[in-house]
Amino acid sequence: MDYVEQRLFRYYPEDFGALPVRVVHMDLIFDVYDGHTRVVSALTAESLDAPLSSLALNARDLAILRVECAEYPVTHTYDRKAAILTVAFETPVPPRTRFTLETETICRPSSHVLEGLYYDGLCPGGPPTQITQCQQWGFQRLVPCLDDMTAKCTYTTTIIADNGYTNTISNGDPVGPRIPCAPGRSIQRYENTTTPMAPYLFFLGVGCYDAYRREFEYPDGRTFTLELLAKPGSDPEGAERALDILADAVMWVHLFTGREQYRDREIRQEIWRLTRVRDEAKRSGDQETLVETRKRLAGLITKITPGYAYTGAVYREIAMQNSDFGGMENVGNTTIAANRLMPGPDTTDPAFEYMIRVKVHEYYHNENGSEVTGWSPFEIWLNEAVTVHIENQHHAFLFGEAYSRLQTVLDLLDPAAGTLTLDRGAGSMPIEPDGFNDPNDLITGVTYVKAPEFVRMIETLMGKETFAEGLARYHDRFRHSNASRADWMRCMEEVSGQDFSRMAAVWLKEKEYPVLAVTRTYDPEFRRLTLSYRQNRSPGGRIWEFPFRFALVEQSGRNILERTVRIADEEGEIVLDDVDQPAFLSLNRGYSFYGKVAYRPPEDELYLQVTRDGDIVGRFTAFLALADQQMLRLLKDPEAEVSERFTDLCIALLGDDRLMGEAGGQFLTIFPSVEDERFRHRYRALYDARQKIYASIAARGEDALLAIYRQAAAESAPGRSASLEAEAATIRRRQRKNICLAILATLDSPTIHELLFGQFEEATNATDRLTAFRLILESSAPKRLEVLKEFAAESSKNPVAWESFLAAVAGSDCDDLVPILQRIESSPAFAIEQADQQRALYGRFALNRKRSLETDEGRTYLSEILRRLAPINEYSTVRVLDAFAFIDAMEPEHRVPTVAVLADLLTSIDLLAHPSVYNNIRRFLLGAPEAARAYEAEHGEIPGLKRT
């Protein structure tokens, strides 16, 4: 029985063509009330080279009150189902002629559709806060428009709203103060006329916020205002810290991006240092230091060519409590998830790092995404990948290249939701897919991890300085306009003299990744080493092209030779003459290409590489290979013992102060995964094998681990450090401490229970407390459920703590997990319409596959989750569905019950109402043909899947 593929996507590239007009300007008036907003729009456009008889505008779920054109009378029809307002001109508009189309409409805010205008909390004792989300097609929910990325134009926006709002906000600079206009109402006007803006970047917000401001001063003395709008009752100290972090990001972009970023690095570093001295002098009122530092900065800045400088008068970050996204750039108004806007006592270390990342990411979008915008949703990856590439550079600047790169490698390799894992799953799509059902389908790890790795591979082949030149050329050439993938590639090819067309054609249009099989031979007579390689072809049968960085390393760890070569053939040889026999090979250094290397050196070489390789990625992948060997032994024979040599290695690595100081405790990550396809998706068996390894390490090295734990605890500062660089060091030490605790917890003894309770009760930071809580929950400690109840009540009082609590519980491993989650879900504190809580509870549980897919109660609960969630948030539902990426690879006993969850859901989902959910279910079922056939043999045909 064979399946045939139907139309799996609503939108394809051919659906996006040139606009029928050139959009020039939009003059908007929003008259905002609690339950509706009346919008008056004057859209000025210009006809092209032919007369214009009609114009189709996007208009979704609007009440159309009036459509007029003073110059050319019109009639109109509104197809609500198709979301199209068609305007017919009684006399065609002549070629190359401007006209202004006026509309008056009503839009209504939603409580759970997080697109267009929606509610985002309440003002204390006042009206509901309302904000917009226009990525990608939310603008048409506000006003009739050409909701297209190429419809870039200038804007003036007038907001009329209740006086109870502390802030009424839109893009651009305010024109005069907010003034009364009617009893209890006021008016505020904004002009966004410097940077033409795509509709998806529009922002409107009316709400109550605690406002914090600080002046940002460039080294040459230019200034603008940084503003933070936090939820009412926020902590002023945390807000000040958040503004400092933002200011650091803005300054870093100015000094360490741009065409000449790698020139005069010492001067740039000195400017970086002096700006902090200057800002501290401003804060303390030290006028003498302030004057002297400004004088020195003014001289130094003339010696370099800096990068991007902000063009507006105010750059604002706005807290949004409910959003599908962690942040969204909106030209001068970046919205950031309230739980990640500012640091506080409940901010975990990963959340703190995310906050640093999201601030620089969204700010850099001012140049890459706003000033230069992709051509269509199929170029979303281009806007995001380049921006993530810069974000990664900023993170490495603060946290160290080794720590930062290793963090990315962990994101790639994570077996639960890592990009390499999901890229081979049934739901994967290429960087530039054939189509999509909703633009949110494109907001995935492929866009935010794989696509930046493609950009990084281009940089590796070009060289960093040449890449910086190419990126600057791209930004200069397409500033205030749109650019395609071809435009970006052309700029890179022009400055490098290289051809990337064949490479891009495969990487951007194909799923999956290369696996490079490598063998080595050495001829001592000629001192010649030969690396023979062979790579797999893409799913479409094409050859991958990528940079391959490797080194030959001697016993001491010194490099004999290091090279980067461009692999562009299916198989070949790299011949290296006049070299000594290396003690080991360090392959894919720095993770130079997105993919995997298949290389089987002797075990002794791996042990040597873990301790001696000068490349942190080389050390870590050697460690993973050794862990893989131990895991596979235990999977094949659960009665086998863990190698003492491996447990001793783990203890020694944790005791290596230099390694831990550079890479953090994340280096000791042992994934519940193996490379052997027979076992890769046996989730319970894999988890138990990993826990057995931890238990063996703990049993053999309990005293040593306790000593390392106490040392790291003593070195971890109790609060957030003054500088980000110092905070990064503290985070690395805390990781070391908590991986020791996690390993020790497998002993599950009264002594260890006491240690866990001690950290939980005495923790001075959220990370330590949450780590101890999760380990208590997974233990046999008698008071575990009392701790759960008390910590739930405490966490529910703060949205940041509540999100972390939900994720910790949902991802844990305990036999009573489902009843625990059901009790949490039924509590008044849980709000199913809040996207952050959906992600934390439902998303984390779904990826906890040993519980969600491999137990009857887990599958039943997951099915209930999907049914409840689909009508509320399609994007979150699709992310939950990622758990079903490998049904055919699961153990046979679990396949049919898992298919049953999707098959039953498919019958209850409306294709037109929820196309992303419906079509993604079909994709996962089509991607599991063996399991689907087995299901149909027992239960009959699956509705919604056609067959020949």
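Values below: every heavy atom of this structure, side chains too, minus hydrogens, waters and symmetry copies.
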Identify which one of E794, E762, E761 satisfies the salt bridge (charged side-chain N to carboxylate O under 4.0 Å, His left out) criterion when paired with R769.
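Answer after filtering E794, E762, E761: E794.
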
Kindly determine whether E662 and R658 satisfy salt bridge (Lys or Arg N to Asp or Glu O under 4.0 Å), including the steps that lead there.
CA-CA 6 Å; E662 180 182 37; R658 182 173 179 180; 5.8 Å; no

Does [X] have its ring centroid less than 6.0 Å away from the ring centroid of [Y]?
X    : Y    : result
Y533 : Y599 : no
F791 : F805 : yes
Y607 : F646 : no
F548 : F546 : no

CD (Q269) with more than 12 external heavy atoms under 6.0 Å:
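More than 12 heavy atoms, drawn from other residues, nucleotides or ligands, come within 6.0 Å of this atom.
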
Flag if over 12 foreign heavy atoms under 6.0 Å of CG, D815:
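Not buried by this count: 12 neighbours or fewer within 6.0 Å.
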
Give a yes or no on whether the backbone of [Y] and the side-chain of [X] come within a donor-acceptor separation of less than 3.5 Å.
X    : Y    : answer
D349 : I731 : no
Y594 : E512 : no
R879 : R839 : no
K692 : A640 : yes
E803 : Q837 : no

For F667 and F623, take the angle between the two ring planes, folded into 0 to 90°, and tell me which bin it lands in: parallel under 30, tilted 30 to 60, perpendicular over 60.
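Taking F623 first and then F667, their aromatic rings sit tilted (interplane angle of 30° to 60°).
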
Fit a plane to each ring of Y591 and F593, take the angle between them on a 0 to 90° scale, and name the class: parallel (under 30°), tilted (30 to 60°) or perpendicular (over 60°).
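Answer is tilted, since the angle falls between 30° and 60°.
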
Got a second to check how far [X]'s [atom1] is from [Y]'s [atom2], nearest 0.5 Å?
X    : Y    : atom1 : atom2 : value
D648 : C650 : CG    : SG    : 9.0 Å
T348 : N765 : OG1   : CG    : 9.5 Å
N848 : L853 : CG    : CG    : 9.5 Å

Would you call Q393 and H389 a side-chain contact if the rule is heavy atoms closer than 4.5 Å?
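Q393 vs H389: side chains touch.
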
Give a yes or no on whether a salt bridge exists between E453 and R405, defined as a side-chain N under 4.0 angstrom from a carboxylate O.
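Looking at R405 together with E453, the answer is yes, because their closest N to O distance falls below 4.0 Å.
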
Side-chain donor-acceptor contact under 3.5 Å, [X] with [Y]:
X    : Y    : value
Q630 : R633 : yes
D813 : Q691 : no
T419 : D423 : no
N392 : R357 : yes
Y687 : E854 : no
Q407 : E353 : yes
R589 : S586 : yes

A cation-pi test, strictly: NZ or CZ of R680 under 6.0 Å from the centre of the six-membered ring of F886 and no more than 45 degrees from its axis. Yes or no?
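R680 over F886 ring: no.
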
Using side-chain hydrogen bond (donor to acceptor under 3.5 Å, both in side chains) as the criterion, list what pairs up with D248, not counting sequence neighbours.
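Here the qualifying residues are R276.
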
Give the minimum heavy-atom separation between Y709 and C740, together with the two atoms involved.
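For Y709 versus C740, the nearest heavy atoms are CB-CB, 4.1 Å.
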
Check the pair R736, D657 against salt bridge (Lys or Arg N to Asp or Glu O under 4.0 Å), reporting the backbone distance first and the verdict last.
CA-CA 10 Å; R736 184 187 196 181; D657 292 341; 2.7 Å; yes

Show, in sequence, the C-alpha distance, side-chain angles and deciding distance for F397 and F256, and conclude whether the ring-ring contact (aromatic ring centres under 6.0 Å, His included) test is met.
CA-CA 10 Å; F397 180 86; F256 298 103; 4.8 Å; yes

